[in-house]
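Below is one structure; the comments refer to it alone.
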Amino acid sequence: GAVVSQHPSWVICKSGTSVKIECRSLDFQATTMFWYRQFPKQSLMLMATSNEGSKATYEQGVEKDKFLINHASLTLSTLTVTSAHPEDSSFYICSATGPNTGELFFGEGSRLTVL
Amino acid sequence: GENVEQHPSTLSVQEGDSAVIKCTYSDSASNYFPWYKQELGKRPQLIIDIRSNVGEKKDQRIAVTLNKTAKHFSLHITETQPEDSAVYFCAASFKAAGNKLTFGGGTRVLVKP
C-alpha cells in the first residue's frame, strides 16, 4: 500500500516556541492531505485539509494563524504549531488518500509535548 | 457536517467470544465507512471498509454491516484473540468531500485470555 511518513515522531518544546511537523507521501502524489489531532484517550479530530498549491481549509474552531499549514509540493505538507502552549500538547497525525483504491493512509503521528 | 456516534466506549470480552461495535452517522450523503484499529501510540490501521452500495463485507474474522436506511453500521469480530485488544474507530466520509473522514469516539476493546 501507499506509504505516508511523518517527522518528527516526537518533539518536546518550550512554551512560546514554534514546532514544524512534516508529512510526506513517499511513493505517490497527494494533492490533498489531512491533519488530525488526538488527545489522550480521545478520537481523531480533523483540524484542516491541506491542498497542494492553495490555502488549507480549516475546521471550525481551529485557529489558522496558530496552526500554519503549507502544502508546497505533491508529496509534502507541513504543520507548524506557532507560539505553542501546554494545551497544544497532543498527538498530531497526517493522512493522505492513496492513488488507487481511495483508501486513506496515515502517517506515524507526531507526539508534541509543550513544557 | 457529518456526525458519527460510536458505542460502546469500552468493551471487555472473553477470548474466543465475539465483539460487536456499532456506529451511527448523520449525513445521508456519506458513502464510505472504514474501520480502524489503533494501538497505543501508533497510527490507525485500516482493518475493513464498506461502501454504500454494499450491505455486508467480510474478511476472515472481521465483518462489517451497513444499513443505509437507518444510517448505521457495525463491526463484528468473531473468535476474538488477545491481540485484538486495541481501540477501534469507525468513520464516515463522502467521496466528493475529498475523503474527509469524520471519526466516531472510539471503542476500547479488551480481550481477556
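Here the structure is a predicted model, which means the values were calculated and not measured. Here is how names work: the chains are called A, B, and so on, in the same order as the sequence lines, proteins then strands, and each is numbered from 1.
- A cation-pi contact, defined as under 6.0 Å to the ring centre and within 45° of the axis, links A:Arg111 to A:Phe91.
- In this structure, the side chains of A:Glu59 and A:Met47 stay at 4.5 Å or more apart for every pair of heavy atoms.
- The side-chain heavy atoms of B:Leu66 and B:Glu56, taken from C-beta on, include no pair separated by under 4.5 Å.
- In this structure, chain B has no heavy atom under 4.5 Å from any part of A:Gln6.
- For B:Leu101, the parts sitting under 4.5 Å from any heavy atom of chain A are the backbone and the side chain alike.
- Using a 4.0 Å cut-off between charged nitrogen and carboxylate oxygen, A:Arg24 and A:Glu22 count as a salt-bridge pair.
- Ion pairing between B:Asp27 and B:Lys71 fails under the 4.0 Å rule for side-chain N and carboxylate O.
- If you measure heavy-atom distances from B:Pro44 to chain A, the contacts under 4.5 Å come from both the backbone and the side chain.
- Without hydrogens or angle criteria, A:Glu63 side chain to A:Phe67 main chain gives no donor-acceptor distance under 3.5 Å.
- If you measure heavy-atom distances from A:Glu108 to chain B, the contacts under 4.5 Å come from both the backbone and the side chain.
- For a residue to count as touching a neighbouring chain, one of its non-hydrogen atoms must lie under 4.5 Å from one of that chain's; by this rule B:Gln38 touches chain A with the side chain only.
- Of the atoms belonging to A:Phe106, heavy atoms from both backbone and side chain fall under 4.5 Å from chain B.
- With a 4.5 Å cut-off on non-hydrogen atoms, A:Leu46 touches chain B through its side chain but not through its backbone.
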